[in-house]
Amino acid sequence: MIAKLILIMGVSGTGKSTLADALAKHLSFDYFDADDFHSQEAISLMTRGIPINPVMRQAWIERMKHYFSSTEFNNKNIVLAYSGLKHAHRKTLSELAQQVTYVLIEPESSLLRTRLKNRKTHFFSPSLLIDQLNQFEPLSEVEAVKTIMLSMKQTNQQQITRIAQQQESYYET
């Protein structure tokens with residue numbers, strides 16, 4: 001059986017890390033957060049409210065691609081919390097050996113601002129939210145058909161139930 005990679009995508013503050021961690025536990029998959037693959041330089045910039053440039057973003061994607069394409073992960077089921085801002089980057093990760101499921105948590109402006117304002121333990125500066133929203137490239141037609149869309153207003157349990165219900169039919173198409 002082919003290993004699975006579930007990409008939980010959304011801009012900062014949508015709850016993707018919380019959902020990805022809960023989903024991984026529910027499915028007995030390995031959980032990873034794409035933030036852990038950022039360079040120290042990128043983290044420093046984002047902490048100060050400075051967006052990372054395309055070269056830094058590409059290096060970040062390449063680190064994840066290299067890590068998840070190693071033989072250690074070829075047969076592992078993974079849930080990855082990942083912003084998914086750029087189509088080319090989503091495509092790069094979809095080319096890994098695992099069968100990929102896209103899950104997108106749609107942003108809700110007022111809820112995002114509240115969450116980012118109240119968040120104390122994350123390096124991402126709330127001032128970068130507008131940049132992330134502007135950087136997000138809409139899903140391609142192929143991606144849209146294969147993406148499970150979720151609302152930030154849903155509870156984690158509602159989100160997990162929706163993913164579990166849809167993922168089997170997702171792999172059959």
Side-chain angles (χ1 to χ4, degrees), residues 2-38 46 57 60-61 64-65 68 76-96 98-126 128-173:
I2 297 174
K4 297 175 182 174
L5 170 62
I6 302 175
L7 296 176
I8 307 294
M9 303 182 302
V11 296
S12 191
T14 55
K16 64 187 171 292
S17 297
T18 303
L19 172 59
D21 185 35
L23 181 64
K25 288 174 182 161
H26 177 79
L27 297 173
S28 297
F29 283 20
D30 290 338
Y31 162 71
F32 292 90
D33 194 312
D35 286 344
D36 295 335
F37 293 87
H38 277 299
M46 290 185 281
R57 197 179 304 274
W60 171 62
I61 295 299
M64 284 189 285
K65 178 184 172 186
F68 293 120
K76 289 195 175 184
N77 294 313
I78 298 166
V79 178
L80 176 65
Y82 157 68
S83 59
L85 300 179
K86 300 290 185 184
H87 172 73
H89 298 161
R90 296 188 298 260
K91 185 174 186 222
T92 296
L93 293 178
S94 74
E95 294 169 351
L96 292 168
Q98 298 90 345
Q99 215 168 16
V100 179
T101 299
Y102 295 105
V103 177
L104 179 61
I105 304 172
E106 296 184 277
E108 302 278 341
S109 296
S110 61
L111 193 50
L112 277 175
R113 285 178 183 38
T114 300
R115 284 185 182 178
L116 290 174
K117 182 178 154 193
N118 294 330
R119 193 157 68 173
K120 305 288 183 227
T121 60
H122 196 275
F123 64 83
F124 186 85
S125 172
L128 291 174
L129 178 59
I130 299 299
D131 182 66
Q132 271 204 338
L133 291 167
N134 290 336
Q135 291 285 328
F136 188 86
E137 294 177 356
L139 300 174
S140 69
E141 287 183 39
V142 172
E143 289 173 320
V145 169
K146 296 262 188 185
T147 299
I148 300 168
M149 303 297 287
L150 301 175
S151 167
M152 284 181 64
K153 293 179 181 178
Q154 294 171 301
T155 66
N156 276 144
Q157 190 54 55
Q158 289 170 324
Q159 292 171 331
I160 289 169
T161 299
R162 176 105 184 263
I163 294 166
Q165 289 170 342
Q166 287 191 261
Q167 95 171 340
E168 287 309 312
S169 62
Y170 175 91
Y171 289 121
E172 293 169 6
T173 60

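Distance check: D33 CG to H38 NE2 gives 8.5 Å after rounding to the nearest 0.5 Å. Rounding to the nearest 0.5 Å places CG of L19 at 11.5 Å from CD of Q158. Here NZ of K153 is found 13.0 Å from CD of Q159. Values are rounded to the nearest 0.5 Å. Between I163 atom CD1 and I8 atom CD1 the span is 4.0 Å, to the nearest 0.5 Å. Taking CD1 from I105 and CD1 from I148, the interatomic distance works out to 11.5 Å, rounded to the nearest 0.5 Å. In this structure, CD1 on I2 lies 12.5 Å from CG on L5, to the nearest 0.5 angstrom.
Inter-residue side-chain proximity for L80 and L93 is flagged as met; some heavy-atom pair is nearer than 4.5 Å. Within the 4.5 Å cutoff, the side chain of Y82 has heavy atoms near those of the I61 side chain.
Side-chain N or O atoms of N77 include one that pairs as donor or acceptor with a backbone N or O of K4 at under 3.5 Å. Within the 3.5 Å criterion, the main-chain N or O of T14 finds no donor-acceptor partner in the side chain of E108.
Within a 6.0 Å radius of CD in Q157, other residues, nucleotides and ligands contribute more than 12 heavy atoms.
Across all their heavy atoms, F29 and I78 have their closest contact at CD2-N, 3.8 Å. Here the closest non-hydrogen pair linking K16 and V11 is NZ-O, 3.2 Å. Residues Y31 and A24 share a closest heavy-atom pair of CB-CB, 3.6 Å. Listed here is the closest heavy atom pair of A34 and M64: CB-SD, 3.5 Å.
Partners of A22 according to the side-chain contact (heavy atoms from CB on, under 4.5 Å) rule, which considers only residues two or more places apart in sequence or in another chain, are I160. Among residues two or more places apart in sequence or in another chain, the ring pair (Phe, Tyr, Trp, His ring centres under 6.0 Å) test is passed with F32 by Y67, F68, F73. Evaluation of the salt bridge (Lys or Arg N to Asp or Glu O under 4.0 Å) rule for E137 yields K86 as partners, not counting sequence neighbours.
Considering V79, V103, T18 in turn, V79 is the only one that fulfils the side chain to side chain contact (heavy atoms under 4.5 Å, CB included) rule with L23.
The cationic group of R90 lies under 6.0 Å from the six-membered ring centre of F136 and within 45° of the ring axis, placing it in a cation-pi geometry.
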